[in-house]
Structures are given as C-alpha cells and as structure tokens.
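Structure, as structure tokens:
Numbers here are sequence positions counted from 1. One-based numbering, in listed order, for ligands and for the atoms of each.
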Amino acid sequence: MKTLSTALSSIVVLTALLLAFWTTTQPRIAMAQGNSITVQVDKPGAAISPSMFGVFFEDINFGADGGIYPERIKNRSFEFTNALMGWKKLERSGAKGNVTIQEQEPLNTTTPHYLRLQVEAAGEGFGITNEGFRGIGVQQGASYSFSVFARRTEGTPTLRIELVSANGQRLGQAKLSGFTNQWKKQAVTLRASATDAKAQLNVLVEGKGTLDLDMVSLFPQDTWKKRPNGLRADLVKLLSDMKPGFVRFPGGCIVEGRNLEERYQWKNTIGDVADRKLLINRWNMEFRSRNPARAPEDYFQSFGLGFFEYFQLCDDIGAEPLPIINCGMACQFNTKELAPLDQLDPYIQDALDLIEFANGSIVTPWGKKRAALGHPAPFNLKMIGVGNEQWGPQYIERYEQFAKVLKAKYPNIQLITSAGPDPGDERFKFLWEKLREQKADIVDEHFYKPPKWFYDNVHRYDNYPRTGPKVFAGEYASHVPVQGRPDRPNNWEAGLSEAALITGLERNADVVVMASYAPLFAHVDAWQWSPNLIWFDNLRSVGTPSYYVQKLFSTNRGTTVLPVQLEGNPTDLFASASYDKTASEVIVKVVNTATTAKPLNLNLTGAGKMGTRGKVFELASTDLKTENTLNEPTKIAPVEKSLSVSSNRISYSLAPQSLTVLRVPCSGR
Ligand code: AHR
C-alpha cells in the first residue's frame with residue numbers, strides 16, 4: 001500500500017515537474033518548431049511609390065572623375081591648382097626642350113591654361129607623360145579614343161601617342177600631324193595590346209618646333225550605350241541592375257562647397273566639355289587620416305559628368321532625377337558661409353532655371369538649351385532638393401524663400417528639405433518642427449550609425465504622424481566599428497542590419513516615400529569615406545553586401561504594402577510584405593539575424609487563387625565579417641531558388657544570418 005502511494009505521489013510530482021518544464025520551454029519549443037509570419041493579403045495598405053528605392057550619387061571617393069566618368073587623363077586641361085599635376089616631362093636620350101604652361105590666346109577663356117611643348121632637340125622622344133587617375137586602366141584588345149586640341153607655333157612638329165604599361169612596355173601607339181597655327185581638335189584611336197590597370201600615356205613631339213596642347217583626352221570606346229565620351233559601362237550596369245527609382249545628384253556636401261565660391265553650380269556643367277570650368281573637389285583635402293595611403297591632393301571636378309549627363313543617366317536607367325541645389329549655404333562642417341537673405345535671388349533663379357532646363361518646352365530659354373544638347377523631350381523632373389544636409393534657423397529662413405517662389409511657379413514640383421546630419425539630435429527636432437509648420441513636402445533624414453542603431457530603429461517610423469511631410473531616408477549606411485580598420489568595412493554585419501531597417505521603411509511606405517544608401521561609389525586607391533555601396537579600381541568593380549541588400553529590395557519592391565505579423569515578437573526576425581499587382585505575387589522579405597536556420601511558417605491570409613511555383617532570393621553568410629572584394633566579388637550575392645506552393649500556408653527554412661525574399665504567385669483581392 002505504502003509502495004503504491006509512494007509511486008502515485010512520485011507520478012504526481014513528475015507530472016507537475018514535466019508540466020512546469022513544458023510551460024517554461026513552450027515558447028522555445030515553438031520557436032524551434034517554426035516561426036509564424038502572417039501576411040494579410042486581403043488587407044492591402046499604402047501604395048509603394050515606384051521611386052521608393054533609389055541611389056545617392058556624389059563625386060566623392062573618385063565617384064565621377066576617375067570613376068563613372070571614364071576620362072583616363074588626369075588634369076586634361078591643365079587647370080588644376082598645380083597646372084602640371086598628373087604630368088611629367090619626358091626627355092629620352094638626346095632630347096631637349098621646355099614644358100611650360102601658357103595663358104595667352106587660349107582655347108577658351110573659361111579654362112585659360114594650356115601646355116606648350118617647345119622642342120630644341122627631338123632625340124629619341126621629347127614630351128610629357130600622364131599618370132591617369134592612380135594609373136590608366138586599359139583592357140587587351142579594347143579601343144581608346146585619343147583627342148587633343150593643338151596649335152603649332154613653330155616648325156612642323158607632329159605627335160606620337162604611346163600607351164605604355166606600368167613596367168614600360170608599349171601597349172599601343174598612334175600618330176597625329178597636320179597642325180596649323182589655329183586651335184584644332186584632332187583624334188585617333190589606340191588599341192591596347194595587353195591589359196593593365198596602371199598604364200600611362202606618353203605624348204611625344206616628333207621633329208623640331210613648338211606645339212600648344214589643351215584638352216588632352218583618352219577615352220574608352222566601350223562606354224555605357226557606346227556613347228562617345230560616355231559613362232563607364234560596368235559601373236552604370238551595376239546601377240541599372242538595381243532598377244533604382246531615382247538618382248539623387250550631385251550630392252552630398254559637394255552641393256554646398258567648403259565656401260560659397262566653391263559650391264556646385266549646375267549651369268557651369270552643361271555644354272561643350274572644353275568650356276566647363278574646373279573646380280576643386282570639396283573632398284580633396286578631407287579625411288586624410290582615414291586613408292593615409294590616399295597620397296596626393298589631386299581631386300578636382302572636370303564636370304565632364306554634368307547636369308545634362310546626370311539627366312541622361314536617369315533617362316537611361318528609368319530613374320526619376322532628383323537634383324539638389326545650393327540654398328545659399330556653404331558646408332556647415334566647413335566655413336558655414338551664408339548668402340545674405342536679401343541676396344538669395346541668384347540661388348533661387350538657378351533652381352527656377354533648372355526646372356525649365358529639365359521640363360521647359362523647347363521655345364523657353366533653358367528648354368532650348370536642353371534641346372540643343374540633344375534632348376528636345378522634357379526630362380519630366382518631379383522633385384528638387386533645396387540645400388543638402390543643412391540645419392539651424394538659417395536653413396529654415398532660406399527654405400521659406402525658395403518655397404515661396406518655387407511653389408508659386410511650379411506647384412507640382414516636390415521640394416526635398418533637410419533634417420540635418422543626425423536622425424535625432426536637437427538640430428533634427430528643430431528642423432522637423434519648423435518643416436511641419438511650413439507644410440514641407442518631403443524631409444530628408446540621414447543616418448550613418450552602427451548596426452545596433454539599425455536594429456533599434458526598425459520600428460522608427462511605425463509611430464510617425466501619418467499626415468504632414470513625408471520622409472526621404474536620403475543617406476544611410478551601417479558603420480561597423482572595427483579596431484584597426486579606419487575604412488569601416490562593408491561586411492555582412494552592415495548589410496544585414498540595413499536589411500532589417502529597410503523592412504521598417506517598406507512597412508511604412510505611406511510615410512517613407514524614398515530611400516537611398518550613401519555614398520554610392522569608391523575607388524580602392526582614392527577614397528575619403530567608407531563604407532560605400534560599390535567599390536572599383538581602374539578596370540573592375542564590385543557590389544558590396546549592402547549593394548545586394550539594396551538591389552533585392554529595389555527589384556522586389558511590390559506595389560502595395562501588406563500587413564505582416566510575426567508571432568511571439570521574436571527579436572531576431574524582421575519582416576515586411578507587399579503585393580505586386582503587375583506580377584500578381586505576394587512578396588515577403590524576412591531578415592533572420594540568428595546564427596541558426598529557422599523554420600518559417602508563412603500564412604497568407606485572405607489570399608486569392610494561389611499559383612504553384614514561386615521564387616526565393618536568399619542573401620546569407622554564417623560569417624558576419626564576410627566582404628566582397630574585387631578578387632572575390634560575389635562571396636555574398638543573392639542565390640535564386642524555386643519555391644513550390646501548394647496552399648496559402650508555406651513552409652521554408654530561413655538560412656542563418658540571412659535576408660530572404662519570397663515571391664509567391666497569388667491573385668490579389
Ligand atoms: O555621404 C557622404 C556625406 O555625408 C554627404 O556628402 C553628406 O551629405 C553627408 O554628411
């Protein structure tokens with residue numbers, strides 16, 4: 001009897017213990033069995049703007065000159081502060097002569113300097129060598145257009161052009177002759193016999209005499225759309241592949257300049273490239289300590305990539321143009337110079353003229369200029385940024401004047417305004433309060449923060465007011481602090497945290513109407529700022545993990561937000577969902593930050609007729625330190641898989657540390 005009662009009480013205790021264990025471990029067991037995400041297909045929310053995900057372009061890190069604008073000759077018009085920077089005198093055996101910079105009777109007055117080569121003895125070659133932008137990149141078998149404006153002032157000299165490798169091998173050559181005593185453009189094609197990222201170009205005078213040279217240029221013929229003097233094809237392709245909804249240009253602090261004299265003035269960037277007045281790049285002297293290897297201060301803006309080319313790029317890749325205009329304020333991290341309030345007219349006029357240049361009919365003064373440049377059809381500009389990353393009452397005072405004039409003349413043009421450089425400080429709060437009062441259209445928020453901030457801010461916009469100005473997440477990047485890495489690496493830790501935050505942007509597409517990572521481009525030998533979305537050298541380019549995150553969101557945007565619920569509020573899962581009316585697909589993006597795979601139970605409630613075959617794009621790495629490099633460009637890149645669908649309940653195993661995009665065919669409601 002005693003044994004029976006002992007046994008019974010043992011069973012009771014054991015049952016109680018098991019129950020207690022089951023209760024406390026229940027959530028964990030449930031997690032291990034599957035994470036449930038419910039998407040309400042029959043409750044479509046806000047429309048997602050086609051221009052939701054775009055790119056931020058700035059000529060920083062050799063982004064334009066030395067980058068997407070593939071002129072190979074540095075200081076082609078001898079207008080750098082040191083007029084011979086990038087050039088070296090070349091005197092082969094027996095040669096003798098003078099290399100000077102001249103100004104009298106120039107090719108044009110906006111770029112008044114030119115080079116004079118005076119040969120006393122031609123010997124085996126007298127002339128100059130150009131080092132390019134950290135070298136000249138040439139591909140074996142590719143053709144390059146050499147061109148020069150030249151004038152003969154003595155004798156009958158001719159020119160020999162040589163492309164030479166870094167170790168002195170000749171890779172190609174051509175000759176030019178027939179110079180007169182008037183400036184004349186001459187051109188010839190060179191073919192490279194080998195590949196070299198660090199070649200040089202020699203320009204040698206043959207015969208005795210004196211030649212004046214200006215606008216010495218070497219351009220690849222294989223440019224984007226094969227346009228003569230067009231953009232670097234591999235870099236534009238990376239942009240085009242993202243299908244960006246907009247391109248913001250030309251920056252960035254470059255809009256502001258270190259002082260007002262050095263601000264970006266779009267009117268100086270259109271028309272004949274030989275007439276475009278060169279300007280020092282405001283990033284020339286910046287952040288040397290971050291990249292001590294950066295060497296010489298040789299960063300200038302040739303404006304070969306100017307406003308017409310920016311608009312053309314947008315046209316080419318189907319992106320809305322978003323030009324940013326100086327609002328009478330120089331960079332507040334530099335001189336903080338202000339145009340007085342009663343002298344803002346020229347700045348406002350620049351904005352008015354820009355809108356006319358982009359959209360005006362060809363009988364308007366600026367529309368006529370656009371047509372003369374080869375684009376009679378309007379560029380259909382819909383928005384313009386007033387100032388870049390400005391702050392303080394000075395900004396609000398200036399914005400008010402811009403808004404009054406621009407809105408009176410162009411009520412349909414949306415104005416982008418600044419929320420300053422930090423997404424939550426006193427400057428930010430002040431600006432938001434004032435811009436709300438002003439009924440601003442769209443406010444540009446910037447966040448360069450560590451990964452933790454990105455996770456902490458996934459729900460940042462859930463409680464933003466649903467009325468009033470919209471948000472442009474205009475510059476963001478996750479900055480991973482790594483000891484001994486001043487470049488703050490573009491690793492998967494950064495990309496994954498950005499992906500988590502972007503689910504929050506997408507879920508709130510009624511408030512956040514545009515988003516872009518910044519900066520866009522960086523040359524591996526000449527950067528000032530890091531991380532960046534795309535890195536390149538003189539021949540190759542690589543998309544970072546952040547690039548693939550942007551690309552996945554942009555190319556899987558969807559047209560309408562769908563409500564999404566994550567059961568049990570997990571701290572390591574983040575999700576957003578949308579419906580794509582064109583493809584008739586539900587698109588679900590899930591970020592799994594756990595180091596383990598996670599079984600996912602996806603429930604599409606209220607779904608219409610389901611298709612049977614879906615698609616998955618997976619971006620994942622078990623090592624958060626993984627980076628893509630020029631040598632290994634796709635260590636992290638999306639992997640496409642098929643997804644079989646049998647009902648509105650879908651099971652899928654989420655890879656550890658992953659961004660997964662599921663596209664499920666399903667008619668909407
Ligand atoms: O993206 C680099 C810089 O960051 C931009 O020029 C500026 O707007 C911000 O401070």
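A donor-acceptor contact under 3.5 angstrom links the side chains of Tyr299 and Asp59, judged on distance only. A donor and an acceptor atom, one from each side chain of Thr503 and Ser576, are nowhere located under 3.5 Å apart. Residues Asp444 and His446 have side chains that bring a donor and an acceptor to within less than 3.5 angstrom of each other.
Listed by chain and number, residues touching ligand 1 at under 4.0 Å (heavy atoms only) are Phe56, Glu58, Gly252, Cys253, Trp283, Asn388, Glu389, Tyr448, Glu475, Pro519, Trp529.
Tyr395 is linked by a ring pair (Phe, Tyr, Trp, His ring centres under 6.0 Å) to nothing, counting only residues two or more places apart in sequence or in another chain.
Screening Phe333, Phe428, Phe430 against Trp391 for a ring-ring contact (aromatic ring centres under 6.0 Å, His included) leaves a single residue, Phe333. Between Tyr69 and the choices Phe57, Phe219, Phe303, Phe133, the ring-ring contact (aromatic ring centres under 6.0 Å, His included) rule is met once, by Phe219.
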